[in-house]
Amino acid sequence: MVDSRDIRQHLDGLVARAVAAAVAAGELPDVAVPVGTVERPKDTAKGDFACTLAMRLARSAMRPPLEIAKVVARHFPADATVEPPEVAPPGFINLRLSAAFLQEQVETAIRLGGAYADGAIGRGKRAQVEFVSANPTGPLHVGNGRGAAIGDALASTLAAAGYEIEREYYVNDAGTQTDTFSDTLYARYQQLFGRDTPIPKDGYPGQYMSELAAEIKDAAGDAFLRPEGASCPLELNTIGIELMAKNIRASLDAFGVRYDRWYSEKSLYSPEGLYESAFGVLRANGQLAEREGALWFTSSDLGEEKDNVVVRSDGRPTYFASDIAYHYDKFIKRGFDLVINVWGADHHGHVSRLKTATRALGAADDALQVLLYQLVTLKRGGEVVRLSKRSGEIISLDELVEEVGKDAARFFFLLRSPGAQMEFDIDLAVKQSSENPVYYVQYAHARLASMLARAAEQGLTPEGGDVALLTQSHELGLVREMLRLPEVIELVATTYEPQHLPHYAMSLANAFHAFNDAFKQQDDSSLKVITDDVALTKARLRLVLAAKVALARVLDLMGMSAPDRM
RNA sequence: GCCCCCGUAGCUCAGCGGAUAGAGUGUCGGCCUCCGGAGCCGAAGGCACAGGUUCGAGUCCUGUCGGGGGUACCA
């Protein structure tokens, strides 16, 4: 029995055997056979898989590809998973899965349930996905939502591919932005006591800062008030950051994101801490230099465009220094095999030097992957809304979730490839919510559930159904779509491109809707799931159950709910 | 200036060097005696431009034009 996860590899093996047989028969010269030539054709009418071996071999075998294809097809071994191959110009060998194999997949999906389509490429490896990690200096905005959706879905998919996964949020609770934040907070706080204190010129003008100050005043009165002109008391700084972090945590909670760990930047600087260890390594390797009163990471020796400051001349470490210590922890202390940092594109300039630093600390070359997502342009009332904490006017993730719902927001964020800029039209998302693709997918799941329920009312269940009765094109078409899920999971887990998930989900939902409405389209009530033919009904109910498993799985990977009723 | 990402249908976007470039939405036309019409089926409509590599280019390379980001002892 061939598992749907391994089908492509299996077909590759059959191709290799066919070539070997052809060579043995003297019909092909003994040439090196390229592997991995079995792929999905764009046009599914051609077959389930297509093999491009003949074209690739044409040059070294010095024969026309069509001829090679015919020879290979002739020697193709008989196999229970596929029909005899068909050859098409200019040299494609098209493969169609057998009904028996497809039927088997229905049983596989039911048996595996929530583990259906799990893969093994990450087996035995530990991976971390760090995402959002926005500064706790303001509420999360819409752009952070994109990072949240991408990071969470990626983590889920890597887990499905066999990785042991940790989700992490890096809390920037140290550094200059933190100081600016607390200076702003303290100014707002003082204003509540009648002082005419302006907020700092690079401060945060948003309304939320005033609200935060008021919240603190309500709880603690004037406990943090210092003589006029004094700087922000440390306790206020701490409390402000904590409250903001709590706010962020609540937003992510509402968005359905659960982290395994919230990692404090400040903790890196504890005595005998990671900062010391990491910089000890760099110092020992001669990659630190003192110059102009500051400490530099001599990254230009390692191929970077320039050196980078890690400790300023006033003695304060830079953000880069924190990140070096943090990644020392990720790779050297905690030993992750793979770390994916999901960052907004505005961090682009930071990627190369961090990778260089990570390698200098001893991590493997490709162990650190930085996934950049382009920033979100928000449209409301036909106008572009600027997204910046500094401008004060932001659309928060909370507002977005409240307006369009967590499922729809996630779906839209995932739909676009991270590298592409995306436009989020709030008015449109709200107004057309009933026509959103997200509802299309969830609706398919609800219909599947209600169909099983309706059958159950008549005493009909999937138990005992014989999938061998599933032979019609509308039935096998649905199975074909289901069995793409393992491939999609592997694709996402190797390319880190989560947009394939929602696209696949739409495709699977469409296959189900088409299956479901086939009897209308063809005006043939014998194509219904529930008919007078009990044996056939039970077989189709097994298919319905299996499709529901697959659809629920992909919704789960995207962090969306799979409703039984809508 | 230099570096990175992106230019695909009216709009928002998919597309791992392979066959006739897809989806959603919008427009137009069919389908409600029908297991959920939040559905199904069909039509019109497109790879920014110019070279190159390849048996084969939306995909790879070079250049031009356009959008965004980076290029700090900010994060």
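A, B, ... follow the sequence lines: proteins, then strands. Residue 1 opens every chain.
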Measure from the side-chain heavy atoms of [X] and tell me the nearest of [options].
X: A:D346; options: B:rG70, B:rG36, B:rC35; value: B:rG70
X: A:H500; options: B:rG15, B:rA23, B:rA75; value: B:rG15
X: A:H348; options: B:rC73, B:rC40, B:rG69; value: B:rG69
X: A:R40; options: B:rC73, B:rG18, B:rC16; value: B:rC16
X: A:N135; options: B:rG36, B:rC73, B:rA75; value: B:rA75
X: A:Q521; options: B:rG69, B:rC40, B:rG36; value: B:rC40
X: A:F92; options: B:rC13, B:rG37, B:rA19; value: B:rA19
X: A:K528; options: B:rC40, B:rC35, B:rC16; value: B:rC35
X: A:Q499; options: B:rC73, B:rC5, B:rG15; value: B:rG15
X: A:K520; options: B:rG37, B:rC40, B:rU12; value: B:rG37

Quiz item: In terms of ring plane angle, is the pair A:Y326 and A:Y170 parallel, tilted or perpendicular, where the classes change at 30° and 60°?
Solution: parallel

Exercise. Assign the ring pair A:Y269 / A:Y275 to parallel, tilted or perpendicular, where the plane angle (0 to 90°) is split at 30° and 60°.
Key: tilted

Could you state the atom-to-atom distance from [atom1] of [X] to [atom2] of [N] in whole Å?
X: A:E130; N: B:rA75; atom1: CD; atom2: C1'; answer: 13 Å
X: A:H445; N: B:rG39; atom1: NE2; atom2: P; answer: 17 Å
X: A:D523; N: B:rG30; atom1: CG; atom2: P; answer: 18 Å
X: A:Y439; N: B:rG36; atom1: OH; atom2: C1'; answer: 17 Å

Self-check item: Most 5' of A:S450 and A:V309 on RNA chain B, judged by nearest nucleotide
Solution: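 On the 5' side of the pair lies A:S450.
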
Practice problem: Name the residue closer to the 5' end of RNA chain B, choosing between A:N94 and A:F519 according to the nucleotide with the nearest heavy atom. | Solution: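 It is A:N94, whose closest nucleotide lies nearer the 5' terminus.
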
Practice problem: Taking atom C1' in both B:rG7 and B:rC47, compute the distance separating them and give it to the nearest angstrom. | Solution: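 The same atom, C1', in both gives a distance of 10 Å.
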
Exercise. Could you work out the separation of B:rC16 and B:rG52 based on their C1' atoms and round it to a whole Å?
Key: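 So the two C1' atoms sit 23 Å from each other.
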
Counting only side-chain N and O atoms of [X], is one of them less than 4.0 Å from OP1 or OP2 of [N]?
X: A:R454; N: B:rG36; value: yes
X: A:R56; N: B:rG18; value: no
X: A:T176; N: B:rA75; value: yes
X: A:K42; N: B:rA19; value: yes

Self-check item: A:T531 side chain to A:L527 backbone, donor-acceptor under 3.5 Å
Solution: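 No; zero donor-acceptor contacts below 3.5 Å.
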
If pairing requires Watson-Crick or G-U wobble contacts with both distances under 3.5 Å, which nucleotide is the partner of [N]?
N: B:rC11; answer: B:rG24
N: B:rC60; answer: B:rG52
N: B:rC2; answer: B:rG70
N: B:rU33; answer: none

Polar pair under 3.5 Å, donor/acceptor by atom type, side chain [X], base [N]:
X: A:D43; N: B:rA21; result: no
X: A:Q421; N: B:rG67; result: yes
X: A:S313; N: B:rC73; result: yes

Quiz item: So what does A:R565 touch, heavy atoms closer than 4.0 Å: a base, only the sugar-phosphate, or nothing?
Solution: base

Quiz item: Is A:N510 touching bases, backbone alone, or none of the nucleic acid, heavy atoms closer than 4.0 Å?
Solution: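 It contacts sugar-phosphate atoms only.
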
Quiz item: Is NZ or CZ of A:R484 both nearer than 6.0 Å to the six-membered ring centre of A:Y504 and within 45° of the ring axis?
Solution: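 The answer is no, since A:R484 fails at least one limit relative to A:Y504.
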
Quiz item: Thinking salt bridges, do A:R410 and A:D407 make one under a 4.0 Å N-O criterion?
Solution: no

Practice problem: Indicate yes or no: does A:D366 engage A:K355 in a salt bridge with an N to O separation below 4.0 Å. | Solution: no

Self-check item: Pi stacking test for A:H347 and B:rA75: under 5.5 Å apart, planes under 30°
Solution: yes

Exercise. Flag as yes if A:Y443 stacks onto the base of B:rG36 (centroids under 5.5 Å, planes under 30°), otherwise no.
Key: no

